[in-house]
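Worksheet: one structure, shown below.
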Amino acid sequence: MGAHRKVNMSKHHKVIWNTPNILTIVRIGLVPVFIALMFWSTAAARIAATVVFCVAAATDHLDGRLARRWGQVTDFGKLADPIADKALVIGAFLVFMITGDLPAKYYWWFVLIVIIREAAVTWLRSSKAKQGLVIPANMWGKAKTVSQLLLIFIILISPFFSGSAEDVMVWVTLVMIVVAFVATGLSGFIYFLDAQNVHEDAAAAPTVPTAVEGSQRQMPRSSPSSPTHAPKSIPTSPSAPDQTVDAASRFQSRVEVQKARKN
């Protein structure tokens, strides 16, 4: 029993510790590192935070691609990957509000929409998964992710610009906030529509009867009041000894008839 449990545990660890899952775990571990670096008010810490964010964002695309290409999609990856994505994005926006890079006084509504959207989609995905339904990804979800990551990157590098370039970066940041806001809200709305369509398609799909049900439907049921029919008697042919006796008697009678004619 102990050996069997040990083998199962070793297989379980082999499933978790593959390359895509390791990248996901690394991304989760980089989130607190990024947050800690953001609270150091030095140029070196800012550069380090930007590098850490870029590495984490790169693993966001790389782990899913490798998992599909190598056939290493696991339940752990399905659970941990969206958690890592949300932790990175929401953590970055909350830090920006604290540090003043994205003043809470003006942009609290944007961060609130991001948090509500991610919480609602996570709840919807988990509830549909319990029903055995899978909501496919759409292009708006990818647009949301790209726009949010790009906005975070622009905010990170904005302090390194000055003069007219700084003014340009302010306008670029404002435009990206609008783009990310639209993509975040629209992707959540479309995701709920897709979930409703998947639910309706599953409800309208015909159920396939099992083999036992099919055989029961094909077998006629006799009611208690219906008369029972006795099986028809099948006429039997004469037995072999009877056929032999009849043939001998016919042959004997023919011989006697021939003798009588001769006489």
Side-chain angles (χ1 to χ4, degrees), residues 27 30-31 33-65 81-122 124-125 135-194:
R27 185 163 72 257
L30 289 178
V31 173
V33 176
F34 168 78
I35 294 175
L37 290 172
M38 284 297 300
F39 285 110
W40 287 358
S41 301
T42 62
R46 188 80 174 200
I47 295 174
T50 304
V51 173
V52 169
F53 172 78
C54 292
V55 172
T59 61
D60 181 22
H61 172 72
L62 188 60
D63 58 357
R65 184 175 182 180
D81 184 71
I83 292 176
D85 299 341
K86 293 171 178 57
L88 179 63
V89 172
I90 295 177
F93 285 136
L94 291 177
V95 169
F96 290 156
M97 292 177 64
I98 296 174
T99 58
D101 292 283
L102 197 64
K105 181 179 179 180
Y106 303 106
Y107 301 106
W108 62 268
W109 52 270
F110 171 73
V111 179
L112 182 62
I113 289 296
V114 171
I115 295 175
I116 292 176
R117 188 269 181 195
E118 298 300 341
V121 168
T122 301
L124 182 61
R125 182 186 290 113
I135 306 174
N138 56 72
M139 60 173 294
W140 288 105
K142 297 179 180 179
K144 181 267 303 181
T145 302
V146 172
S147 62
Q148 289 178 352
L149 294 178
L150 184 58
L151 173 59
I152 295 172
F153 176 74
I154 291 174
I155 294 175
L156 285 172
I157 64 175
S158 293
F160 298 104
F161 293 87
S162 59
S164 59
E166 183 180 2
D167 297 335
V168 172
M169 291 301 297
V170 170
W171 283 104
V172 171
T173 302
L174 292 175
V175 171
M176 285 307 307
I177 289 176
V178 174
V179 172
F181 173 75
V182 172
T184 299
L186 191 58
S187 64
F189 178 73
I190 294 177
Y191 195 86
F192 272 80
L193 291 181
D194 291 342

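Throughout, numbering of the chain's residues begins at 1 and tracks the sequence.
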Roughly how far apart are [X] [atom1] and [Y] [atom2], rounded to 0.5 Å?
X      : Y      : atom1 : atom2 : answer
Lys86  : Asp81  : NZ    : CG    : 8.5 Å
Leu124 : Phe192 : CG    : CZ    : 4.5 Å
Thr184 : Leu151 : OG1   : CG    : 9.0 Å
Leu88  : Leu30  : CG    : CG    : 8.5 Å
Leu94  : Met38  : CG    : CE    : 12.0 Å
Met97  : Lys105 : CE    : NZ    : 13.5 Å

Exam field: side chain Arg27 to backbone Ala57, donor-acceptor pair closer than 3.5 Å: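 Absent.
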
Stepwise side-chain contact (heavy atoms from CB on, under 4.5 Å) test for Val89 and Glu118: CA-CA 10 Å; Val89 172; Glu118 298 300 341; 5.9 Å; no

At their closest point, which heavy atom of [X] faces which heavy atom of [Y], and how far apart are they?
X      : Y      : answer
Leu156 : Arg46  : O-NE, 3.1 Å
Ala92  : Ile152 : CB-CD1, 3.7 Å
Ile154 : Val172 : CD1-CG1, 3.7 Å
Phe110 : Ile177 : CE1-O, 3.8 Å
Ser158 : Met169 : OG-CE, 3.7 Å
Ala49  : Phe34  : O-CD1, 3.3 Å

side-chain contact (heavy atoms from CB on, under 4.5 Å) between Leu174 and Val178, worked out: CA-CA 6 Å; Leu174 292 175; Val178 174; 5.9 Å; no

Full working for side-chain contact (heavy atoms from CB on, under 4.5 Å) between Ile47 and Phe160: CA-CA 10 Å; Ile47 295 174; Phe160 298 104; 3.5 Å; yes

Tyr107 and Trp109 aromatic ring geometry - parallel, tilted or perpendicular at 30°/60° bounds: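 Geometry flag for Tyr107 against Trp109: tilted rings.
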
Pair Thr145-Asp85, side-chain contact (heavy atoms from CB on, under 4.5 Å): steps then yes or no: CA-CA 9 Å; Thr145 302; Asp85 299 341; over 6 Å; no

Trp140 and Phe189 aromatic centres sub-6.0 Å: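 No, they do not, as the ring centres are separated by 6.0 Å or more.
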
